[in-house]
Amino acid sequence: MSRRYLLLSFVAFVAYSLVAPLLKVAMETIPSTTAVFMSNTVMLTLLGLLLVYQGTSPRRYLSHPKLPHIVVWGVLLAVGLLAYYRALALGPVSVVVPIYGLFIAVSSVIGIVALEESLTVRKGLGIVFAVLAVVLMSL
């Protein structure tokens, strides 16, 4: 079994670790909604270039039966990003990011409950400690 997902997870962790501090600095003078728009424009541009490079088109998926999942995900992502950017503009990174980071524990629970992923003692303790860490960091 390929463990490439571990490397990609690490790259995502490093990249995402830099997002909040950079956003906080930028939003000292740029409104949060504008920052969401600008950063996501950059993201969409890069994704478009990647699709062109890969020779892939999303057109064939416009009638895919799972498209409603993508649409709902897009709405939730937009709401989450708007709220996250605004929270970062208003509050300290050291409080906003851990609360936002609870999505990791909640997503894990959803994976276990709704997607029937395995629950081990280690995973259960990890979820409990993640929540406890957020509580301790946010006080």
Side-chain angles (χ1 to χ4, degrees):
M1 175 196 284
S2 171
R3 304 286 249 176
R4 186 165 182 227
Y5 68 91
L6 293 174
L7 174 62
L8 292 171
S9 297
F10 185 77
V11 170
F13 146 69
V14 171
Y16 247 94
S17 295
L18 299 172
V19 168
L22 289 171
L23 281 173
K24 183 69 176 175
V25 171
M27 290 186 302
E28 289 173 357
T29 54
I30 298 173
S32 61
T33 305
T34 303
V36 172
F37 177 78
M38 293 170 72
S39 63
N40 281 278
T41 299
V42 171
M43 181 183 68
L44 286 173
T45 302
L46 291 174
L47 289 173
L49 291 171
L50 181 59
L51 287 173
V52 168
Y53 173 78
Q54 293 176 333
T56 305
S57 172
R59 281 191 206 112
R60 71 182 194 157
Y61 298 104
L62 293 177
S63 60
H64 194 281
K66 299 285 185 175
L67 181 63
H69 292 78
I70 299 296
V71 171
V72 170
W73 171 76
V75 170
L76 293 172
L77 181 62
V79 169
L81 285 176
L82 287 166
Y84 179 55
Y85 279 49
R86 187 67 183 144
L88 282 172
L90 298 172
V93 171
S94 60
V95 174
V96 172
V97 172
I99 293 171
Y100 166 77
L102 274 174
F103 81 87
I104 296 168
V106 173
S107 294
S108 296
V109 170
I110 292 169
I112 292 164
V113 172
L115 304 177
E116 300 178 3
E117 295 177 359
S118 64
L119 172 61
T120 63
V121 172
R122 185 180 63 189
K123 283 182 186 178
L125 286 172
I127 291 167
V128 169
F129 286 135
V131 172
L132 180 60
V134 169
V135 170
L136 292 174
M137 290 173 64
S138 299
L139 296 176

Inset, instruction - Nearest 0.5 Å please: distance from the OG atom of S108 over to the CG atom of L119. - result: 10.5 Å

Inset, instruction - Count the heavy atoms belonging to other residues, nucleotides or ligands that lie under 6.0 Å from CD of E116, then report whether that count exceeds 12. - result: no

Legend entry - Minimum heavy-atom distance S118-K123, with the two atoms named: O-NZ, 3.1 Å

Inset, instruction - Check the hydrophobic clustering (I, L, V, M, F, W, Y; side-chain heavy atoms under 4.5 Å; chains of links allowed) and say if I104 and V96 are grouped together. - result: yes

Legend entry - Separation of L125 CG from L132 CG (nearest 0.5 Å): 11.5 Å

Legend entry - ILVMFWY cluster, V106 and L77 together (side-chain gap under 4.5 Å): no

Inset, instruction - Identify the heavy atoms of K24 and L88 that sit nearest to each other, and give their distance. - result: NZ-O, 2.8 Å

Inset, instruction - Drop me the distance from Y16's OH to Y100's OH, to the nearest 0.5 angstrom. - result: 4.0 Å

Inset, instruction - Check whether any side-chain heavy atom of V97 lies under 4.5 Å from a side-chain heavy atom of Y84, and answer yes or no. - result: yes

Inset, instruction - Identify the two heavy atoms, one from V36 and one from L81, that lie closest to each other, and give their separation to 0.1 Å. - result: CG2-O, 3.9 Å

Legend entry - Verify same cluster id: M137, F129 (apolar side-chain graph, 4.5 Å): no

Inset, instruction - Evaluate the criterion side chain to side chain donor-acceptor pair (under 3.5 Å) for residue pair Y5 and R3; output intermediate values, then yes/no. - result: CA-CA 5 Å; Y5 68 91; R3 304 286 249 176; 2.9 Å; yes

Legend entry - Smallest separation among heavy atoms of L67 and L62, with atom names: CD2-O, 3.0 Å

Inset, instruction - Looking only at non-hydrogen atoms, find the nearest pair between A89 and M27 and report the distance. - result: N-CE, 3.7 Å

Inset, instruction - First locate atom CG of L51, then atom CG of L46, and finally report the distance between them rounded to the nearest 0.5 Å. - result: 11.0 Å

Inset, instruction - Can you measure from OG1 (T120) to CD1 (I112) and round to the nearest 0.5 angstrom? - result: 7.5 Å

Inset, instruction - Say whether V93 and I99 are linked into one hydrophobic cluster, either directly or through other cluster members, by side-chain heavy-atom distances under 4.5 angstrom. - result: no

Legend entry - Distance (rounded to the nearest 0.5 Å) between W73 CH2 and K66 NZ: 15.5 Å

Legend entry - Minimal non-hydrogen separation, A105 against I127, with atom names: CB-CG2, 4.1 Å

Legend entry - Verify same cluster id: V25, M38 (apolar side-chain graph, 4.5 Å): no

